[in-house]
Protein chains: 2
Amino acid sequence: MIKNADPFAALRIETPPSTLREMALERMRRAIISGLYEPGARLVERTLCEQLGVSRSVIREVIRHLEAEGLVEMLAKQGPIVARLEWDDARQIYEIRAALEATAVADCAKVATDRVKALLRQSLSELDKTSQQNSPLGILDATTSFYRTIFHAGGHTIAWDIVSRLNSRISRLRVMTLSTPNRTTSGPSQIREIFACIEKNEPEAAAAACRAHVAAAAAIAESIIGGK
Amino acid sequence: MIKNADPFAALRIETPPSTLREMALERMRRAIISGLYEPGARLVERTLCEQLGVSRSVIREVIRHLEAEGLVEMLAKQGPIVARLEWDDARQIYEIRAALEATAVADCAKVATDRVKALLRQSLSELDKTSQQNSPLGILDATTSFYRTIFHAGGHTIAWDIVSRLNSRISRLRVMTLSTPNRTTSGPSQIREIFACIEKNEPEAAAAACRAHVAAAAAIAESIIGGK
DNA sequence: TGCTGTCCGATGGTATACCAACATACGAGC
DNA sequence: GCTCGTATGTTGGTATACCATCGGACAGCA
């Protein structure tokens with residue numbers, strides 16, 4: 001699994017986003033996730049061309065990608081719209097997240113090295129800072145990096161891809177739950193609990209804490225839009 | 001979740017695949033899954049245009065979609081290739097499948113109605129027929145329809161999407177495992193075991209049987225390409 | 001007043017044209 | 001003979017042109 005260390009790796013010149021398409025994809029994805037485009041809003045291709053300053057080819061390919069990611073829906077004979085989120089879908093997503101994250105957390109607790117623990121501690125302090133600043137997007141980023149470390153430490157790269165994608169579909173919901181009173185304090189404390197179990201290398205307890213965390217988030221989400 | 005029954009629904013004219021792009025997407029996906037394009041093979045756009053008889057715009061949008069699905073990889077400055085499958089990825093996929101399928105099977109066992117059981121029985125007989133004919137693709141289809149019924153019965157539509165996508169990434173592997181001697185008999189018997197537990201509405205046992213089934217498939221897969 | 005037929009703008013579907021970057025082959029020079 | 005530079009063809013990236021269809025506005029007719 002470990003690549004054979006290439007001594008010349010440091011010399012390699014990386015050209016990260018390079019193509020217009022990749023940049024546009026990133027922008028569009030963030031625009032949808034951040035709520036700039038409302039769910040159900042039509043994504044008129046020519047309008048997007050002007051807004052992003054690229055041609056329709058680029059926009060269309062980006063839309064195909066987002067469609068496969070589940071962030072964009074295609075209405076027959078009407079074109080793309082920002083995907084709407086039914087509560088039932090959100091519920092399923094929280095369920096799947098609970099399963100995958102609990103597994104990842106448990107595995108991480110089994111194998112966590114000092115280095116991993118240090119990374120997690122770093123994400124936690126970032127989380128503290130952003131939650132004191134009451135910055136929902138910052139909290140989201142810190143939480144994301146916390147979980148990313150966990151998934152990668154346990155070798156669950158594919159599960160991480162899936163979870164990331166699912167999370168982007170419920171991103172608006174996540175931001176809303178974070179704005180709930182007292183969520184700013186209960187969220188970090190639950191994550192801290194997960195970390196404590198990992199630090200002590202207790203897989204079972206870590207998984208349980210993780211399930212509790214996701215369940216709490218799902219409950220808040222339901223109280224917000226459940227009835228809709 | 002149930003739509004209000006529209007008495008005029010039967011009048012509605014459906015135009016299912018209509019666009020060139022959707023047809024091309026279907027064709028390409030099947031071509032990759034069936035192994036017509038080998039893993040790692042370059043997908044030269046202009047060549048695909050001729051093979052499918054469509055323009056590059058269509059091909060490119062299809063490739064974007066398949067890329068997001070994980071069936072196609074983009075090599076920087078070289079273009080798309082059919083995604084290669086490392087054993088480590090396959091291992092992770094089997095792991096995730098085990099988790100999601102076990103959950104779905106358990107939920108199905110909890111709520112399975114006679115109608116669902118009848119559908120499952122139908123898939124089973126299809127499975128028997130195809131495995132006697134030693135038709136790997138037929139077995140795959142029957143297994144797929146068996147699981148589709150299970151996931152939908154329990155309301156796990158999103159998990160089903162995920163599992164379908166994962167399965168398409170390991171499709172070649174699945175066909176190879178089905179061609180293994182005695183797999184043609186052990187596979188169906190394990191699935192039959194799952195069904196027996198569902199029929200008796202025993203969630204725990206069903207989940208266990210399901211995990212065993214996936215684990216067995218993973219073990220065979222590893223014995224085939226594990227060392228590679 | 002209300003229905004219907006027609007026109008026109010908006011929009012997505014599809015095809016094509018152009019360009020830059022890369023890979024390969026080939027030839028000149030050491 | 002080996003190496004380097006150059007020419008050329010292939011390929012993906014991007015932009016644009018054209019067409020069919022849909023939806024709404026408007027006008028005519030009962």
[X] side-chain proximity, nearest of [options]:
X        : options                   : answer
Ser57(B) : dA15(C), dT14(C), dG13(D) : dA15(C)
Ser55(A) : dG12(C), dG12(D), dT16(D) : dT16(D)
Arg56(A) : dT14(D), dT11(D), dT16(D) : dT16(D)

Between [atom2] on [N] and [atom1] on [X], what's the gap in Å once rounded to a whole number?
X        : N       : atom1 : atom2 : answer
Ile59(B) : dT11(D) : CD1   : C1'   : 14 Å
Arg21(A) : dG12(D) : CZ    : P     : 11 Å
Ile81(A) : dG12(C) : CD1   : C1'   : 15 Å
Leu20(A) : dA20(C) : CG    : P     : 14 Å
Leu75(B) : dG12(D) : CG    : P     : 11 Å
Arg42(A) : dT11(C) : CZ    : P     : 7 Å
His65(A) : dG13(D) : NE2   : P     : 14 Å
Glu50(A) : dA15(D) : CD    : P     : 14 Å

Is the backbone N or O of Arg84(A) less than 3.5 Å from a side-chain atom of Glu73(A), with the two atoms forming a donor-acceptor pair by type? yes
Please round to the nearest 0.5 Å and tell me the distance separating atom [atom1] of [X] and atom [atom2] of [Y].
X         : Y         : atom1 : atom2 : value
Ile96(B)  : Ile162(A) : CD1   : CD1   : 4.0 Å
Ile224(A) : Arg172(A) : CD1   : CZ    : 13.0 Å
Thr157(B) : Arg148(B) : OG1   : CZ    : 13.5 Å
Leu166(A) : Leu100(A) : CG    : CG    : 7.5 Å
Met74(A)  : Arg64(A)  : CE    : CZ    : 4.5 Å

Measuring to OP1 and OP2 of dA15(D), would you say a side-chain N or O of Arg46(A) lies under 4.0 angstrom away? no
Determine the interplanar angle of the Trp160(B) and Phe151(B) rings, folded into 0 to 90°, and report it as parallel if under 30°, tilted if 30 to 60°, perpendicular if over 60°. tilted
For Glu38(B), is the CD atom crowded, meaning more than 12 foreign heavy atoms sit under 6.0 Å from it? no
Is there a side-chain contact (heavy atoms from CB on, under 4.5 Å) between Glu69(A) and Arg29(A)? Walk through the geometry before answering. CA-CA 10 Å; Glu69(A) 279 185 20; Arg29(A) 192 191 281 122; 2.6 Å; yes
Can you give me the bend angle of the helix from dT1(C)-dA30(D) to dC30(C)-dG1(D)? Use the axis through the first five pairs and the one through the last five, nearest 10 degrees. 0°
Just checking Arg60(A): base, sugar-phosphate only, or nothing, at a heavy-atom cut-off of under 4.0 Å? base
At under 4.0 Å between heavy atoms, what does Leu43(A) touch on the DNA or RNA strands: base, sugar-phosphate, or nothing? sugar-phosphate
Polar-atom pairs under 3.5 Å, protein N or O versus N or O of nucleotides 23-25 of chain C: list them with distances, or write none.
none

